[in-house]
*Asks:* 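Have a look at this one before I ask anything.
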Amino acid sequence: MKGGLQPVIKWSGSKRRVAQALHRLWPKDMRKEARYFEPFIGSGAMLPHRPLESAFVGDVIGPLIELWRFIQSEPERVAAYYSALWHEREARGHEVFYEARDRFNTEGNPLDFLVLSRMCVNGLIRFNTSGEFNNSLHHTRPGIHPERLASLLHQWSERLRGVHFEAQDYEQTLDGAREGDLVFLDPPYVGTRGRYRPEPFDLERFSAQLAELNQKGVLWMLTFDGSAGKRSYSEGTISPDLYRHRFQIRTGHSPFTRLMKRSLDEVSECLYLNFEPNDPSLFDEGGGQQGVC
């Protein structure tokens, strides 16, 4: 696959800054019939870097998956909807954002979800315990210009050929993975439970899934927990029996401390592989440090 793209959906915790480096870790020689799986899609930063055309993608947030399908098949429709609300907000002001938020929380319109992700504070996707989107408008930023977004939508639509989207739990997405397939896993932080879903992330259940992938001979890459400044999100650990290599990667600055105007904390995450990386030297040259997570 070709290189990466600017994000079309804003998403906190995106791996856009490290996607190219992570791509270089995948094994070089893979079966022609192998497929790519990604069960926590978010902003899809790794999709343009996937080494395989055929891909199966999932997420539990239904409107997010619907939005990806629209981007894949109807980029003009998505661009027109965003442009209309962007210009309306320019004309009428902040109430346009809150109308879109109320409409999304009532109807679940995936095109409103794109507007919210692009206009909310720091692109933070947050839901309350009732499952309602609850971030606010970023008053000092108008959101990406419609013409620029339209160009990105068409580029992403091209890159999404061969991708199958399903709104479902990660276990369902990974059920069809078999020997030689590739999986990229970027689950919610255990330490930030409830930000995207009311219930906490079940580490024991997730670890059982990793063990099952190992048993099947599926190759997987996992980014999991870490730290932001002096705060640690590593409430749980991945058993050394499940992986072969562990690295630390720096993925940017915390949008949460930026939102609270407390500090600009650098975020580091743990990267786990159950295979031999193609280019481990990436993490010996300032990209991270092996074994310190």
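This is a predicted model, so every value here is computed, not measured.
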*Asks:* For Tyr170, what residues pass the ring-ring contact (aromatic ring centres under 6.0 Å, His included) criterion, not counting sequence neighbours?
*Replies:* Phe40, Phe206
*Asks:* Assess whether side-chain contact (heavy atoms from CB on, under 4.5 Å) is satisfied between Glu269 and Lys15, documenting all intermediate values.
*Replies:* CA-CA 10 Å; Glu269 296 185 42; Lys15 298 302 175 287; 3.2 Å; yes
*Asks:* For Tyr98 and His94, take the angle between the two ring planes, folded into 0 to 90°, and tell me which bin it lands in: parallel under 30, tilted 30 to 60, perpendicular over 60.
*Replies:* perpendicular
*Asks:* Can you name the salt bridge (Lys or Arg N to Asp or Glu O under 4.0 Å) partners of Glu179, sequence neighbours left out?
*Replies:* none
*Asks:* Test side-chain contact (heavy atoms from CB on, under 4.5 Å) on Asn128 and Phe133; report intermediate values, then the result.
*Replies:* CA-CA 7 Å; Asn128 61 23; Phe133 188 94; over 6 Å; no
*Asks:* Between His138 and Thr140, does the side-chain contact (heavy atoms from CB on, under 4.5 Å) criterion hold? Intermediate values first, please.
*Replies:* CA-CA 6 Å; His138 201 309; Thr140 60; 3.0 Å; yes
*Asks:* Any idea which heavy atoms bring Val60 and Asp169 closest together, and the distance?
*Replies:* CG1-CA, 3.8 Å
*Asks:* Determine whether a donor-acceptor pair (N or O, by modelled atom type, separation under 3.5 Å) exists between the side chain of Glu158 and the backbone of Gln155.
*Replies:* no
*Asks:* Rounded to the nearest 0.5 Å, what separates atom CG in Asn135 from atom CG in Asn122?
*Replies:* 8.0 Å
*Asks:* Test of understanding: with ring-ring contact (aromatic ring centres under 6.0 Å, His included), list the residues that count as partners of His164, not counting sequence neighbours.
*Replies:* Phe56
*Asks:* A side-chain contact here means heavy atoms from C-beta on lying under 4.5 Å apart; do Gln248 and Cys270 qualify?
*Replies:* no
*Asks:* So, Arg205 side chain and Asp202 main chain: donor-acceptor pair closer than 3.5 Å or not?
*Replies:* no
*Asks:* Give, for atom OG of Ser117 and atom CG of Leu124, the distance between the pair rounded to the nearest 0.5 Å.
*Replies:* 11.0 Å
*Asks:* Using a strict cut-off of less than 4.0 Å between a Lys/Arg side-chain nitrogen and an Asp/Glu carboxylate oxygen, indicate whether Glu53 and Arg159 qualify as a salt bridge.
*Replies:* no
*Asks:* Quick check: closest heavy atoms across Phe184 and Pro39, and the distance to 0.1 Å?
*Replies:* O-CD, 3.4 Å
*Asks:* Any chance you could lay out the salt bridge (charged side-chain N to carboxylate O under 4.0 Å, His left out) test for Glu99 and Arg92, step after step, and finish with the verdict?
*Replies:* CA-CA 11 Å; Glu99 289 169 359; Arg92 290 205 292 125; 2.7 Å; yes
*Asks:* Indicate the atoms forming the closest heavy-atom contact of Pro27 with Leu219, along with that distance.
*Replies:* CG-CD1, 3.8 Å
*Asks:* Just to verify, what does Ser73 make a side chain to side chain donor-acceptor pair (under 3.5 Å) with, not counting sequence neighbours?
*Replies:* none
*Asks:* Can you give me the closest heavy-atom contact between Leu137 and Val121, atom names plus distance?
*Replies:* O-CG2, 3.5 Å
*Asks:* Not counting sequence neighbours, list each pair that qualifies as a salt bridge (charged side-chain N to carboxylate O under 4.0 Å, His left out) and has a residue in residues 112-124.
*Replies:* Arg103-Asp112
*Asks:* Can you find a heavy atom in the side chain of Leu25 that is under 4.5 Å from one in the side chain of Leu271?
*Replies:* yes
*Asks:* Drop me the distance from Ile125's CD1 to Ile61's CD1, to the nearest 0.5 angstrom.
*Replies:* 7.5 Å
*Asks:* Do Leu111 and Leu85 have side chains that get closer than 4.5 Å, going by heavy atoms?
*Replies:* no
*Asks:* Hey, could you give me the OG1/CZ distance between Thr223 and Phe247, rounded to the nearest 0.5 Å?
*Replies:* 14.0 Å
*Asks:* Can you tell if the side chain of Leu203 reaches within under 4.5 Å of the side chain of Ile238, non-hydrogen atoms only?
*Replies:* yes
*Asks:* Shortest non-hydrogen contact from Ala45 to Pro48?
*Replies:* O-CD, 3.4 Å
*Asks:* Strictly by salt bridge (charged side-chain N to carboxylate O under 4.0 Å, His left out), give each pair with a member in residues 61-86 just once, sequence neighbours left out.
*Replies:* Arg69-Glu166, Glu74-Arg77
*Asks:* Quick one: are Gln6 and Arg16 in side-chain contact, heavy atoms under 4.5 Å?
*Replies:* yes
*Asks:* Can you confirm whether Leu185 sits close enough to Tyr272 that some side-chain heavy atom of one is under 4.5 Å from a side-chain heavy atom of the other?
*Replies:* no
*Asks:* Going by the rule salt bridge (Lys or Arg N to Asp or Glu O under 4.0 Å), which residues pair with Glu90 if we only count those two or more places apart in sequence or in a different chain?
*Replies:* none
*Asks:* Can you list everything that forms a side-chain contact (heavy atoms from CB on, under 4.5 Å) with Asp175? Sequence neighbours excluded, please.
*Replies:* none
*Asks:* For Trp156, give me all partners under ring-ring contact (aromatic ring centres under 6.0 Å, His included), at least two apart in sequence or on another chain.
*Replies:* Trp68
*Asks:* Determine the sole option in Leu273, Leu174, Asn274 for which the side-chain contact (heavy atoms from CB on, under 4.5 Å) test with Trp220 is passed.
*Replies:* Asn274
*Asks:* Give me each pair satisfying salt bridge (charged side-chain N to carboxylate O under 4.0 Å, His left out) with a member in residues 142-154, each pair once, sequence neighbours excluded.
*Replies:* none
*Asks:* Once rounded to the nearest 0.5 Å, what's the spacing between atom NE2 of His145 and atom CG of Leu149?
*Replies:* 11.0 Å
*Asks:* So Phe201 and Phe224, side-chain contact (heavy atoms from CB on, under 4.5 Å) or not? Walk me through it.
*Replies:* CA-CA 12 Å; Phe201 186 72; Phe224 190 72; 3.9 Å; yes
*Asks:* Using 0.5 Å steps for rounding, measure from the CD1 atom of Ile65 to the OG1 atom of Thr173.
*Replies:* 7.5 Å
*Asks:* Do Leu114 and Phe70 have side chains that approach each other closer than 4.5 Å (heavy atoms only, starting at C-beta)?
*Replies:* no
*Asks:* Are Trp26 and Phe275 an aromatic pair by the rule of ring centers under 6.0 Å?
*Replies:* yes
*Asks:* Strictly by side-chain hydrogen bond (donor to acceptor under 3.5 Å, both in side chains), give each pair with a member in residues 31-42 just once, sequence neighbours left out.
*Replies:* Arg31-Glu33, Arg35-Asp181, Tyr36-Glu38
*Asks:* For Ser157 and Gln72, run side chain to side chain donor-acceptor pair (under 3.5 Å): C-alpha distance rounded to whole Å, both residues' side-chain angles, the deciding distance at 0.1 Å, then the answer.
*Replies:* CA-CA 4 Å; Ser157 181; Gln72 182 182 48; over 6 Å; no
*Asks:* Please enumerate all residues that pass ring-ring contact (aromatic ring centres under 6.0 Å, His included) together with Phe113, with sequence neighbours excluded.
*Replies:* Phe104
*Asks:* Minimum heavy-atom separation for Pro63 to Pro110, with atom names?
*Replies:* O-CB, 3.3 Å
*Asks:* Please check if the side chain of Ser239 supplies one atom and the backbone of Asp241 the other of a donor-acceptor pair under 3.5 Å.
*Replies:* yes
*Asks:* Quick one: does Val218's side chain get under 4.5 Å of Arg178's, heavy atoms only?
*Replies:* no
